[in-house]
Amino acid sequence: MERHMEAIWLYQFRIILVGDSTVGKSSLLRRFTEGRFVQVSDPTVGVDFFSRLLELEPGKRVKLQLWDTAGQERFRSITQSYYRSSVGGILVFDVTSRATFESCPRWLAEARMHGQPGRPLLLLLGHKADKAEERQVGRQEAEAYATAQGLPYAEASALSGQGVEEAFTCLAKEVYGAVKAGLVPAGGEGSGVTCGIVPSTVHSSEEARAGLRPCAC
Ligand SMILES: Nc1nc2c(ncn2[C@@H]2O[C@H](COP(=O)(O)OP(=O)(O)OP(=O)(O)O)[C@@H](O)[C@H]2O)c(=O)[nH]1
Ligand SMILES: [Mg+2]
């Protein structure tokens with residue numbers, strides 16, 4: 001019974017992670033979905049997939065379908081094809097590498113060009129915040145850039161775990177708010193939002209399994 005209840009979520013959001021190679025996208029996703037840091041991380045080839053449930057308000061859970069893209073230039077065309085069906089995204093740079101911050105306008109332009117109008121909703125993330133002495137990009141500067149672009153800003157470290165939960169929660173709440181406000185279509189073809197099962201209306205695990213209850217939207 002408990003296992004089936006675990007599967008209940010209100011919405012599923014398709015989220016894409018982008019940013020230069022080695023900024024730590026895969027490490028961040030491993031920390032968020034597996035709760036651990038893996039020291040040696042190979043460059044992502046093409047695209048990888050992770051998922052996790054997140055409780056945004058008591059009893060209101062969403063499932064995040066997380067697409068980990070490759071930062072290497074040769075995979076750009078593959079990455080581009082994922083913007084269209086994503087409702088949210090995290091644009092990651094490494095706070096100890098100025099070059100990765102300077103690439104952000106290019107990533108942003110690409111997301112805006114290949115996504116649907118107004119989507120994906122993006123969050124800018126300054127990563128590897130544990131390496132304070134090696135910083136090349138200050139928090140204020142990054143925050144100012146994010147604000148100018150209309151994006152929320154967060155900092156995190158996959159190594160220490162600092163700020164990781166908060167960053168994903170912040171983005172998921174942005175998306176949830178947009179869905180509730182009707183700014184993003186829920187359940188439409190390629191919208192990046194799938195309607196799930198409303199926990200309060202599920203009466204038995206059989207119904208939950210069969211997906212017999214109405215959609216939340
Ligand atoms: N100090 C520190 N190092 C990190 C952190 N996250 C990742 N790294 C290291 O950064 C390197 C690159 O990490 P990845 O997660 O593979 O980077 P990526 O963005 O997925 O790279 P691509 O798949 O090529 O796009 C690895 O050596 C990680 O161990 C962090 O939070 N702090
Ligand atoms: Mg990777």
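Counting starts at 1 for both ligands and their atoms, following the listed order. One is the number of the first residue; the rest follow in order along the sequence.
For Ala70, no nitrogen or oxygen atom sits less than 3.5 Å from a nitrogen or oxygen atom of ligand 1, counting backbone and side chain alike. For Gln72, no nitrogen or oxygen atom sits less than 3.5 Å from a nitrogen or oxygen atom of ligand 1, counting backbone and side chain alike. On a distance-only criterion, Leu159 and ligand 1 share at least one N/O pair closer than 3.5 Å. Looking at Asp68 next to ligand 1, no N or O pair under 3.5 Å apart turns up. Taking any N or O of Pro43, backbone or side chain, none lies under 3.5 Å from an N or O belonging to ligand 1.
The Mg ion (ligand 2) lies at 2.8 Å or more from every N, O or S atom belonging to Ser27. For residue Thr44, an N/O/S atom approaches the Mg ion (ligand 2) to within less than 2.8 Å.
Checked for salt-bridge contact, Arg52 and Glu165 meet the test: a charged N lies under 4.0 Å from a carboxylate O. Salt bridge Arg135/Glu141: absent, no basic N to carboxylate O contact under 4.0 Å. Classification of Arg106 and Glu110 as a salt-bridged pair fails, no side-chain N sitting under 4.0 Å from a carboxylate O. Glu55 and Lys60 are not joined by a salt bridge, as no carboxylate oxygen comes within less than 4.0 angstrom of a charged side-chain nitrogen. For Asp68 and Lys25, the salt-bridge test fails: no basic side-chain N is under 4.0 Å from an acidic carboxylate O.
Under the 6.0 Å cut-off for aromatic ring centres, Phe50 and Phe32 do not qualify, their centroids lying 6.0 Å or more apart.
Of all the atoms in ligand 1, the ones that sit under 4.0 Å from a non-hydrogen atom of Gly71 are 22 (P), 25 (O). Per-residue contacts place Gln39 under 4.0 angstrom from the following atoms of ligand 1 (heavy atoms of the residue considered): 27 (O), 28 (C), 29 (O).
Nearest protein heavy-atom neighbour of atom 17 (O) of ligand 1: Gly24 N, 3.1 Å.
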Take Glu57 and Lys180, measure what salt bridge (Lys or Arg N to Asp or Glu O under 4.0 Å) needs, and give me the verdict at the end. CA-CA 14 Å; Glu57 292 167 23; Lys180 280 207 294 189; 3.7 Å; yes
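In Thr44, the parts holding a heavy atom less than 4.0 Å from any atom of ligand 1 are both the side chain and the backbone.
A donor-acceptor contact closer than 3.5 angstrom links the side chains of Asp130 and Ser157.
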